[in-house]
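Whatever order the structure lists them in is the order used to number ligands and atoms, beginning at 1.
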Amino acid sequence: MDPTVTETLQDRRARLLGPNMSTFYDEPVHLVRGLGVHLWDADGREYLDCYNNVPHVGHCHPAVVQAICDQAGTLNTHTRYLHEGILDYVEALTATVAPKFDTALMCCTGSEANDVALRMAQALTGKTGVIATDHTYHGNTTAVHQLSRSNPPPGGYWDNVGFVPAPDSYRPLGGEGGMAHARAFAAEVEKQIAVLEEKGVGFSTLMLCPYFANEGFPDLPEGWLDPTVEVVHRAGGVIIADEVQPGFGRLGSHFWGYEKIGFTPDIITIGKPMANGHPVAAVIAPRETMYEFRNNFRYFNTFGGNPVSCAAAMATLKVVQDDGLQANAADVGAYAKAGLRDLAKRHDCIGDVRGSGLFFGAEMVLDRATREPATAFTKRVANGMRQRGVLLNFLGRHGNILKMRPPMVFSRTNVDQVIETLDAVLTETPLQ
Ligand code: PMP
């Protein structure tokens, strides 16, 4: 690309959006088009998208585009008028979750959904204390920003917030994995509950991503949350499952993250992939919970659940179900993990390979014996992949976990390209 075009765009961004707004990669990508698992930049260069979970059924999926266009050309209003769209969608959505979840509140972002869920928990418990892990992200409203230790609020944390160490299967709390790790986590939750009770705010809810996606998607056995669920419920609190990342079949083995780890939350929040890029999110809850919330908080959301959003969400859900994308995630994800494990035989920098379905990655280390994180190296690898036309990213407390979470139409051929490219990049990138 003509470097002056990139510079002009970066200058305009700095001038118009503020000078300190970040982009991915050392050399930002200027995208102009997407289709399926591919993206193209302004020079016509093709990239394999191995990162974006928002275009869940593939970039610009024709069925979703058509549904949006048809509805946008017919009617778009808010939810104080009657419309079938929201009802048909909530009916289809609640059919995918545990039977007790029979109502939903539609909004526009995961942050909003989590913010509402906190208030639902407050309505149920009469208390405001919230616990989250110490390396999570739940969104950007003033309230949920408090729970995002990965982006600390400048004014410090509120009194009603407590944190527990994020689960890490590669370096488990207490040194032992599996159910010992599970009990250690539950004990930390119990400690924080006591702190909140002592402060007088009381304990309302534990908010967590059931796949601990932002924490580094640790490999946790089914039943791992059982001791925690016990502790939370015994204290009169509720669990909010933030399914913004693992939901809608991505994990392959299950449609929802909470099913994979084997527990039933009290409230579920969803967003991002729900309408393939159209801003749609929701809180799913039992009817009595919804009633308590609406009774305690007057809530209206101008855009939430509008007919165009619901048409987009319905079309996305239909594609996931009709095209067997959960099964595809299971098959292609297992193939990807096997490919990464194979790479690990040749590259000592790969300390751990993790994932489920189309959410997979590898933890990069300087030394397998000490497990010292290869933080700077991981960033170089992500940039190297971008230079070779594969988009992925990295995350985790140490910033050393390569994260891959492509659209659900990803194929084994796409995986081959990722593995071949990663092999080349790991070979050419200096570890130190
Ligand atoms: N929860 C989780 C787990 C997320 O990863 C995110 C976004 N990355 C959010 C909530 C917030 O969603 P949104 O950006 O749509 O507000």
Side-chain angles (χ1 to χ4, degrees), residues 21-24 49 51-56 104-121 130-153 161 163-164 166-167 205-218 220 225 239-248 250-251 256-258 260-261 265 267-284 301-306 309 312-313 316 355-359 361 391-397 399 401 403-407:
M21 192 181 161
S22 63
T23 49
F24 278 163
D49 187 354
Y51 184 72
N52 283 294
N53 64 332
V54 172
H56 194 58
L105 176 153
M106 303 285 296
C107 50
C108 311
T109 69
S111 303
E112 275 182 357
N114 283 334
D115 198 291
V116 165
L118 290 180
R119 279 180 269 173
M120 270 184 192
V130 184
I131 297 173
T133 82
D134 67 359
H135 197 79
T136 191
Y137 178 79
H138 289 297
N140 57 27
T141 71
T142 306
V144 292
H145 185 198
Q146 287 287 324
L147 306 178
S148 300
R149 276 284 277 268
S150 53
N151 308 32
V161 178
F163 293 100
V164 290
T205 184
L206 170 68
M207 179 179 277
L208 51 79
C209 163
Y211 195 54
F212 299 100
N214 289 311
E215 289 87 335
F217 50 98
L220 304 172
L225 274 173
I239 300 189
I240 300 168
D242 177 342
E243 292 273 358
V244 165
Q245 293 213 35
F248 290 99
R250 173 156 300 277
L251 302 184
W256 297 105
Y258 74 79
K260 183 172 174 57
I261 201 157
I267 298 168
I268 300 170
T269 58
I270 53 178
K272 274 179 144 174
M274 195 171 163
N276 219 42
H278 193 83
V280 182
V283 187
I284 315 176
N301 190 317
T302 300
F303 297 117
N306 72 71
S309 293
T316 305
S356 180
L358 285 173
F359 201 137
L391 302 182
L392 47 71
N393 219 320
F394 55 93
L395 88 170
R397 190 189 298 281
I401 304 167
K403 175 184 186 184
M404 290 168 260
R405 201 190 39 178

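In this structure, the side chain of Thr269 does not engage the main chain of Ala113 through any donor-acceptor pair within 3.5 Å. In this structure, Thr136 contributes its side chain and Ala132 its backbone to no donor-acceptor pair below 3.5 Å. Remark: side-chain polar atoms of Asn214 are paired, donor with acceptor, to backbone N or O of Tyr137 under 3.5 angstrom.
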Residues His145, Asn140; criterion side-chain hydrogen bond (donor to acceptor under 3.5 Å, both in side chains); working and verdict: CA-CA 5 Å; His145 185 198; Asn140 57 27; over 6 Å; no
Criterion ring pair (Phe, Tyr, Trp, His ring centres under 6.0 Å) on Phe217 and Phe359, from CA distance to verdict: CA-CA 8 Å; Phe217 50 98; Phe359 201 137; 5.1 Å; yes
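Of the heavy atoms in Asn214, only side-chain atoms (C-beta onward) come closer than 4.0 Å to ligand 1.
Side-chain atoms of Asn276 and His56 form no donor-acceptor pair, as typed in the model, at a separation below 3.5 Å. Residues Ser309 and His278 bring a donor and an acceptor atom of their side chains to less than 3.5 Å of each other. No side-chain donor-acceptor contact under 3.5 Å links Gln245 and Arg250.
Ligand-side atoms of ligand 1 in range of Ser111: 11 (C), 12 (O), 13 (P), 16 (O), range being under 4.0 angstrom from any heavy atom. Which parts of ligand 1 touch Gln245 is read off a 4.0 Å heavy-atom cut-off, strictly below it: atoms 5 (O). Near Lys272, meaning under 4.0 Å from one of its heavy atoms, ligand 1 places the atoms 7 (C), 8 (N). Within the listing of ligand 1, atoms 11 (C) sit less than 4.0 angstrom from a heavy atom of Gly139. Near Asn114, with a cut-off below 4.0 Å to any heavy atom, the atoms of ligand 1 are 1 (N), 10 (C). Numbered from 1 in the order shown, with element, the atoms of ligand 1 that lie under 4.0 Å from a heavy atom of Thr109 read 15 (O), 16 (O).
With respect to atom 1 (N) of ligand 1, the closest heavy atom belonging to the protein is Asp242 OD2, 2.6 Å. Among protein heavy atoms, the minimum distance from atom 10 (C) of ligand 1 is reached at His138 O, 3.4 Å.
The heavy atom nearest to atom 12 (O) of ligand 1, out of those in Gly110, Pro279, Pro246, is found in Gly110.
Where the criterion is an N or O separation shorter than 3.5 Å, residue side chain and backbone included, Glu112 fails it with respect to ligand 1.
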